[in-house]
Each structure stands twice: as structure tokens, then as C-alpha cells.
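Taking it in order: structure first as C-alpha cells, then the write-up.
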Amino acid sequence: MSLPAQDNFNRADAGNLGANWTEMAPATGHMTIASNLCSDTVAGFFAMAYWNADSAPNDQYAFVTRILFGGGYAGLTLRLSGSPDSGNGYAVLVNDSTNQIRIYKITAGVATQVTNDSISFVSGQVMRGEVTGSTIKAIYNGALIQSTVDASYGSGQWGVASFGGKMLDDWEGGALVTATQVPYQPWMQAAPVMAQ
Amino acid sequence: MSVRVYIVPVVADVVGFTAKYFNDLGVSWTGQLYGLEPVMLVAADVTGPQHTSIAANGDVAAFPLNLDAVIGANLATVQAQLESRDMPSDWVDASMTYRQLLKWLTRLFALVQRITGMYDLDPFANVTLDTVIGPLWASRLEDVAASFGQTVTVPPGATIRQVFKAVADLVPSTPAIRGLVL
């Protein structure tokens with residue numbers, strides 16, 4: 001397939017998202033198809049899946065439409081890799097009940113919240129996540145809401161995630177293209193070998 | 001409302017883990033994890049009373065609002081706060097500003113994040129900052145430095161404190177956290 005990767009989830013109800021997706025938290029929850037939407041199965045537990053039909057670039061974006069359901073966190077993942085139930089990566093999640101948007105770092109399958117901001121949630125608006133180098137951004141309805149820095153995970157696949165958040169639709173994952181990439185600061189070029 | 005910087009514990013919450021205190025107060029915040037250590041560097045939008053509430057806790061290290069103030073007479077306290085969280089502090093002196101310290105801490109955090117990302121290991125497990133680095137970890141740290149584009153040779157007999165300081169010096173710092181330019 002070619003980028004961007006896309007899924008509108010318009011297909012028959014099923015207990016998983018299909019062959020193009022890899023479940024990453026099967027011990028706690030499953031991302032499923034219900035009424036032409038991406039849905040998790042069990043409130044109070046994490047469910048994650050990444051798109052496996054294309055190789056995601058290191059600098060990547062994903063976006064998804066969050067559907068009002070009445071609470072819980074749901075959104076997208078970035079640079080997700082590793083084995084099911086012990087994967088690593090990042091997630092951008094929105095809670096339609098508390099009107100919060102958060103970035104999570106996922107290590108060995110465990111999520112740690114690293115940002116918190118308030119938004120005015122509207123069902124059907126797009127949440128977007130981007131990761132470039134070590135910078136992770138959360139964008140809601142076209143506005144940059146928050147960003148943080150983490151140097152842990154440099155590669156992985158995009159996907160979807162939910163914590164009792166239920167309903168997502170119209171997912172896309174693609175490549176971020178930067179006009180100019182400057183890998184290191186000028187002062188670094190003259191940095192000496194480690195001092196004793 | 002001001003952006004204030006803290007080092008706080010990481011605690012369990014309903015989804016997984018989070019920085020202690022901030023969600024309970026309903027504030028907006030941005031954090032960076034210290035690898036697998038239960039410690040987070042947080043910049044938060046807080047009111048004066050919220051700051052007072054957070055900073056009053058014994059497990060919180062709070063930076064002053066004026067990051068350009070020199071550490072001065074607080075040197076011993078600052079060093080103790082860092083050392084208790086496995087962060088080398090012997091290089092810090094009284095003439096440094098808190099902004100200089102914070103900028104270096106973002107380098108250290110990036111280094112430790114990369115270590116745990118590459119090896120799924122906590123470099124502070126069962127050691128102290130003064131533990132001498134063995135050949136296996138020397139090789140790992142050289143590879144971590146290489147991942148940042150740096151060529152580093154860990155000399156025999158070097159301690160964690162020495163090597164982490166030296167390598168962190170070569171790691172890019174975070175330009176800004178929550179609008180605070182470093």
C-alpha cells in the first residue's frame with residue numbers, strides 16, 4: 001500500500017480490526033469493529049492496535065475522529081512497537097467527559113501520562129498526533145494544544161488506542177516531511193570526546 | 001497564573017501512571033520522564049496558591065519562578081534534591097542559575113530516556129551514582145552516545161556520575177518546556 005495509510009472502519013462488525021492491524025494489548029482489551037466504527041470492548045482497560053500494512057516513517061503523524069460516547073480516553077498511537085502487552089510508543093488520548101487531552105508514553109505495555117490540558121470537546125472533531133525527532137505533539141481541531149520531549153523511542157507504527165473510550169472513526173497515518181532537518185546544534189559539532 | 005517547574009514522583013492512576021499532584025489540582029502541565037525511574041520533570045501552569053500547595057510536599061523539588069536567579073546559598077539543598085533522585089550534582093556550583101541547571105537536566109533526562117528506549121533497562125537498578133561502570137554498560141553508553149551522533153569512549157574505572165555528566169553534556173537540550181525558553 002502507499003501512504004498515507006487510511007481506515008474508515010466501514011465493514012461488518014468483528015472482534016478485531018482485521019488483518020491490517022496488530023493488537024497490542026490483547027490481555028486487557030480489544031479494538032473491534034462495531035457499527036462501522038472502531039470500538040474497544042471493555043471499559044476500564046487499555047486497548048491498542050497498530051497499522052501493519054505499511055511501514056511507518058520515523059517522523060510521522062496520525063489523526064482520527066473521536067465520536068462522543070460518554071467518557072473514557074480514546075485516540076491514536078505513534079511509534080508503537082514491540083510485542084503485544086509489552087509494547088513501547090506514545091499515545092494521544094482525549095476524554096469526552098472531562099474535556100482533557102493527554103499525551104502518554106507507553107513502556108512495556110504500561111501507559112504513563114506526560115501532559116494534561118483542557119479542550120472543548122466536540123464529537124466529530126479531529127485529534128492529531130505528530131512525532132518528529134524527540135518531540136511529540138497533540139493537536140485538536142487544528143490547534144496545537146501541547147507538546148513534550150522524549151528521546152526513548154525513535155521508530156514504530158501508528159495506530160489507535162482507547163481506555164474505556166469506545167468510539168473512533170476515520171483514521172489516517174502518514175509521513176511528516178520537514179523542509180530542513182538540522183540533526184545537531186552547532187556547538188555539538190565541536191564537542192570533545194568524553195572528559196575523564 | 002505562571003509556568004513553574006518541579007521534579008515530582010510518578011504515581012499510579014486509573015489509566016496507568018502520572019505525575020503526582022497536578023491532575024488533582026486540575027492544572028495543565030507537561031512532563032518528561034527520567035527513564036524508568038519514578039520521577040518526572042514537570043512544567044505546569046499554576047496559580048500562587050496551587051504552587052504553594054505543590055511545593056509544600058516533601059517529595060517535590062520546586063524551581064524558583066525566576067529561573068535566572070543564581071543557586072547561591074541553596075547549593076547544598078539543590079545538590080541533595082538531585083542526588084536523592086539519582087541525578088549527578090557534584091558539578092553544580094553556587095554561581096550557576098536555575099535555568100542553566102534546568103537546561104542540563106533536560107539533557108540528562110534525554111540521555112536516560114534513550115538508554116531505557118534502547119535497552120529496556122533501568123541504569124540505576126541496584127547501583128549508585130558512584131558505582132564504577134563495567135564493560136557491558138560502557139559499551140551500551142558508547143552506543144547511546146552514538147545514537148545522538150557523538151563519539152564517546154568510556155574510560156576504565158569511570159563512575160556512573162562521571163559518565164552521565166560527560167555524555168549528557170553532549171546531548172541536545174530541550175529548547176523550551178511549556179513556553180519556558182531554556
Side-chain angles (χ1 to χ4, degrees), chain A residues 44-46 72-73 79 81-82 86 88-89 91 93 95 98 100-119 133-136 138 145-156 161 163-165 182-185 187-196, chain B residues 10 12-19 22-23 26-33 35-36 38 40 42-45 106-107 109-118 120 141-142 144-145 147-155 157-158 162-163 165-167 169-178:
Chain A
F45 293 95
F46 235 119
Y73 291 87
R79 288 185 182 168
S81 65
S86 61
N88 300 319
L93 304 180
N95 186 315
T98 61
Q100 289 171 315
I101 186 168
R102 296 174 169 180
I103 297 173
Y104 283 83
K105 179 180 181 179
I106 300 162
T107 298
V110 177
T112 300
Q113 178 193 356
V114 292
T115 66
N116 186 66
D117 279 280
S118 297
I119 56 170
S134 298
T135 301
I136 308 119
I145 306 297
Q146 57 195 196
S147 68
T148 189
V149 172
D150 188 273
S152 298
Y153 309 124
S155 62
F163 184 87
V182 182
Y184 300 107
Q185 305 282 344
W187 60 264
M188 295 186 65
Q189 296 171 6
V193 172
M194 191 192 75
Q196 298 289 321
Chain B
V10 171
D13 81 342
V14 65
V15 176
F17 291 88
T18 188
F22 298 98
N23 287 347
V27 302
S28 297
W29 58 272
T30 300
Q32 296 184 28
L33 282 162
L36 299 178
M40 202 181 299
V42 172
D45 299 297
T106 66
R107 293 178 173 143
F109 274 54
L111 168 64
V112 176
Q113 288 163 2
R114 183 64 56 84
I115 291 170
T116 56
M118 288 177 65
D120 281 333
L141 290 167
E142 289 166 358
V144 168
S147 78
F148 285 106
Q150 301 298 318
T151 301
V152 163
T153 301
V154 176
Q162 292 169 322
V163 176
K165 171 65 171 71
V167 178
D169 285 347
L170 307 178
V171 172
S173 63
T174 301
I177 49 174
R178 208 163 189 93

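The sequence lines fix the lettering, A, B, ..., with proteins before strands; numbering per chain opens at 1.
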- Task: Rounded to the nearest 0.5 Å, what's the gap from CZ on B:F148 to OG on A:S134? Could you check?
- Result: 6.5 Å
- Query: From A:T115 OG1 over to B:Q32 CD, what is the distance, rounded to the nearest 0.5 angstrom?
  - Reply: 12.0 Å
- For the student: nearest non-hydrogen atoms of A:S118 and B:S28, plus distance: N-OG, 4.2 Å
- Query: For A:T98, is it the side chain, the backbone, both or neither that has a heavy atom under 4.5 Å from a heavy atom of chain B?
  - Reply: neither
- Message: Closer than 3.5 angstrom, by distance alone: can the side chain of B:T30 be matched with the main-chain N or O of A:T148 as a donor-acceptor pair?
- Response: no
- Message: I want to check something: taking the side chain as every heavy atom from C-beta on, are A:V149 and B:F109 in contact at a cut-off of under 4.5 Å?
- Response: no
- Task: Go through B:K165, B:M118, B:R178 and name the one with the most non-hydrogen pairs under 4.5 angstrom from chain A.
- Result: B:R178
- Message: Just to verify, what does A:T112 make a side chain to side chain contact (heavy atoms under 4.5 Å, CB included) with, not counting sequence neighbours?
- Response: B:V10, B:F17, B:L33, B:M40
- Query: For residues B:N23 and A:Q113, is any side-chain donor paired with an opposing acceptor at under 3.5 Å?
  - Reply: yes
- Side chain to side chain, A:N88 and B:D120, heavy atoms closer than 4.5 Å: yes
- Task: Only counting residues at least two apart or in another chain, list the ones meeting ring-ring contact (aromatic ring centres under 6.0 Å, His included) with A:Y104.
- Result: none
- Item | Proximity breakdown for B:L36 and chain A, heavy-atom pairs closer than 4.5 Å | side chain
- Query: For B:V14 and A:F163, which heavy atoms make the closest approach, and how far apart are they?
  - Reply: O-CZ, 3.2 Å
- Message: Please find the pair of heavy atoms, one from A:A151 and one from B:A110, that lie closest to each other, and give the distance.
- Response: CB-O, 3.6 Å
- Item | Most contacts with chain B, counted as non-hydrogen pairs under 4.5 angstrom, among A:R102, A:Q146, A:K105 | A:R102
- Message: Between A:N116 (side chain only) and B:V27 (backbone N and O only), is there a donor and an acceptor less than 3.5 Å apart?
- Response: yes
